[in-house]
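Only a predicted model underlies this, so the values are computations on that prediction, with no experimental measurement involved.
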Amino acid sequence: MSDESFMHAAGESHDCVVPAKAPNEDRQGLAEGLEGRRSIKENTIEVNPSRTQSREIGSRGLHGVREAARRDKELRFTALLHHVTEGLLRDSFYALQRQAAPGVDRVTWQQYEQDLEARIKDLHGRVHRGAYRAQSSRRIYIPKPDGRQRPLGIAAVEDKVVQQAVVTVLNAIYEGTSSVFRMGSGRGGVPMTHWTR
């Protein structure tokens with residue numbers, strides 16, 4: 001069997017690692033010292049081996065984001081979606097107001113809680129595949145003292161869960177920084193001096 005036919009037989013090529021230098025004082029002969037070895041096909045040791053789900057909103061990953069943001073105020077975060085985990089989505093659900101008005105789908109907090117694990121798993125999958133789409137907000141009108149009505153948009157429970165999870169991730173970056181601005185307040189924003197939860 002030729003090297004080429006052997007290479008395609010198993011779908012892999014030869015991957016022998018050969019040392020660049022001969023070992024010192026090689027007593028068994030130079031040929032054995034330069035034989036080489038096969039490369040390892042196992043997973044490498046992970047930096048953060050903890051894969052257990054945590055009910056704690058501030059996970060170790062978000063703690064690292066928080067610390068990096070504190071160390072370098074100019075740091076730009078470009079990949080944060082992986083911090084939106086099933087555990088964070090579950091915690092975000094339990095952080096919502098239980099008596100809040102339902103959204104356009106008319107699903108209440110209590111109804112969403114039924115079969116919660118399956119809903120969270122599905123939501124997590126859609127968020128990470130890019131298939132999640134927020135529903136339209138339910139529009140209601142609140143009467144004002146002068147007789148006019150103020151429009152109010154009410155998000156669906158699922159959308160509130162995703163919003164809360166994203167807020168948690170972003171708060172890991174912005175909490176404790178003094179250069180956060182509130183948008184839409186005129187000339188460049190108004191500095192916020194404290195956070196409320």
Side-chain angles (χ1 to χ4, degrees), residues 40 42-105 107-109 112-113 116-138 151-197:
I40 298 173
E42 303 164 357
N43 291 337
T44 57
I45 297 172
E46 297 177 18
V47 177
N48 183 8
S50 174
R51 293 286 187 195
T52 59
Q53 290 185 351
S54 172
R55 284 221 174 260
E56 188 177 299
I57 284 188
S59 69
R60 178 166 165 70
L62 288 180
H63 179 71
V65 168
R66 185 178 297 116
E67 291 303 314
R70 284 188 183 148
R71 277 193 310 272
D72 184 359
K73 304 280 189 227
E74 299 298 317
L75 186 62
R76 290 184 179 206
F77 294 92
T78 58
L80 295 170
L81 185 60
H82 66 279
H83 291 292
V84 179
T85 62
E86 287 183 26
L88 179 59
L89 291 169
R90 186 180 310 101
D91 292 340
S92 297
F93 169 75
Y94 283 114
L96 298 178
Q97 294 181 11
R98 287 153 174 76
Q99 299 303 320
V104 71
D105 61 356
V107 174
T108 64
W109 187 93
Y112 196 87
E113 187 180 30
L116 179 65
E117 290 308 311
R119 289 180 190 259
I120 292 295
K121 187 174 188 74
D122 175 60
L123 179 59
H124 179 261
R126 285 185 287 133
V127 166
H128 284 269
R129 283 191 319 269
Y132 168 76
R133 297 290 179 262
Q135 299 178 43
S136 299
S137 293
R138 183 166 67 106
L152 181 66
I154 301 174
V157 174
E158 187 172 76
D159 298 336
K160 291 177 187 177
V161 169
V162 173
Q163 290 169 5
Q164 180 62 47
V166 170
V167 164
T168 301
V169 171
L170 293 178
N171 275 346
I173 297 170
Y174 294 112
E175 73 180 14
T177 61
S178 60
S179 60
V180 177
F181 290 90
R182 186 173 42 220
M183 297 306 292
S185 56
R187 297 181 217 141
V190 176
M192 295 181 72
T193 56
H194 66 284
W195 287 91
T196 57
R197 290 193 182 228

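With contacts defined as side-chain heavy-atom distances shorter than 4.5 Å, the pair T168/D91 does not qualify. You'll find the side chain of R133 stays beyond 4.5 Å of the side chain of R126, heavy atoms only. Under the 4.5 Å side-chain criterion, counting only non-hydrogen atoms from C-beta, V65 is not in contact with V169.
Rounding to the nearest 0.5 Å gives a distance of 4.0 Å between CD of E67 and NE2 of H63. Put simply, CG on L75 and CD1 on I173 are 8.5 Å apart, with the number rounded to the nearest 0.5 Å.
Take A165 and apply the side chain to side chain contact (heavy atoms under 4.5 Å, CB included) test, not counting sequence neighbours, and it matches V84, L88, L89, S92. Looking at residues two or more places apart in sequence or on another chain, you find a ring-ring contact (aromatic ring centres under 6.0 Å, His included) between F93 and W109, Y112. Considering only residues two or more places apart in sequence or on other chains, R138 meets the side-chain hydrogen bond (donor to acceptor under 3.5 Å, both in side chains) condition with none of them.
H128 pairs in a side-chain contact (heavy atoms from CB on, under 4.5 Å) with only one of the listed residues (L123, T85, L81), which is L81.
Nearest heavy-atom pair across A172 and L62 is CB-O, 3.8 Å. A pairwise comparison of heavy atoms in A95 and Q164 identifies CB-CG, 4.4 Å as the closest pair.
Under a 3.5 Å cut-off, the side chain of D159 and the backbone N or O of Q135 do form a donor-acceptor pair.
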